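Report on the structure given below.
Only heavy atoms go into these numbers, but all of them, side chains included; no hydrogens, no water, no symmetry mates. What you see is a predicted model; the values in this text were computed from it and never measured.
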Amino acid sequence: MQRAASAALACLMATGCQGVHPPLALGSDGMDTVNSTPYTRGMNLEYGLVKNSDGMYAIRKCNGAAQPNCVSTSSTTRLYAPPFTATNTDTVAQAMEEFDTAIKSIDPGVSLVDSEDNLPLGGMYRRYSVPSPLSEVDYVEVLITASETEPTVFYKSQASKTTYIWPIQQPIGDFDAQKKRMARLRQSLGWKLLVGDCDLIECYDY
């Protein structure tokens, strides 16, 4: 490897050199970290649940550097969104049924693309594709789990792609479309914010 790198360096310093290329610097996802851009990184969307060390499942956080048009209850940045309490529901299944009805009422083109049941704490997971005028399609993920009182709703809403201004690679925002969608869903369901001890402005700006 060291010999190949030395040969590549010598090649780059010379003129007319062909057939020798420096080794790529690859990230953990196998992507070329030197030649990649926020646009290309944003094409690798992350879906599904992550399993924590305690065996519990959680919604993924937003990859803000590559996909800024996103909100998630697992993010710890400005892309954070507070969970909901599914008020006036007795079970996780009832809460999920109500959420399913509410999100499908947004647009007739909404469709369910993934689901998982029988998770810890009676959890249920769903992922939906939602038509979007800005990114063609957005993805909404929801994880509902049981609690001591009413079910708790965790979620992530993200655009399927982000448009960048060339050549400065400045992402074009979606006018808070993800945030507004989730707020609209919560209000239509009559559910409450689960703020707890959070003192971030994002916890109250919903």
_Gln187 and Arg184: side chain donor to acceptor below 3.5 Å_ =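 No.
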Would you say [X]'s side chain and [Y]'s backbone share a donor-acceptor pair under 3.5 angstrom?
X      : Y      : answer
Ser160 : Tyr139 : no
Arg60  : Tyr47  : yes
Thr73  : Tyr155 : yes
Ser75  : Thr77  : no
Asp54  : Met56  : yes

Does the side chain of [Y] come within less than 4.5 Å of [X]'s, by heavy atoms?
X      : Y      : result
Leu193 : Arg186 : yes
Thr152 : Leu121 : no
Asn69  : Asp138 : no
Arg126 : Asp117 : yes

Notebook entry, point to check: Are Val110 and Met96 co-members of a hydrophobic cluster defined by side-chain heavy atoms under 4.5 Å apart?
Noted result: yes
- prompt: For the residue pair Phe99 and Trp191, does the interplanar ring angle fall in the parallel (under 30°), tilted (30 to 60°) or perpendicular (over 60°) class?
  reply: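 It falls in the parallel class, under 30°.
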Hits for salt bridge (charged side-chain N to carboxylate O under 4.0 Å, His left out) against Asp174, two or more places apart or cross-chain, chain-then-number order -> none
Does atom CG of Asn118 have more than 12 heavy-atom neighbours, drawn from other residues, nucleotides or ligands, at distances under 6.0 Å?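 No.
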Separation between SG (Cys62) and OH (Tyr80), nearest 0.5 Å, reads 12.0 Å
Between Lys156 and Lys61, the two heavy atoms sitting closest are NZ-O, 3.3 Å
- Tyr125 and Tyr57 aromatic centres sub-6.0 Å: no
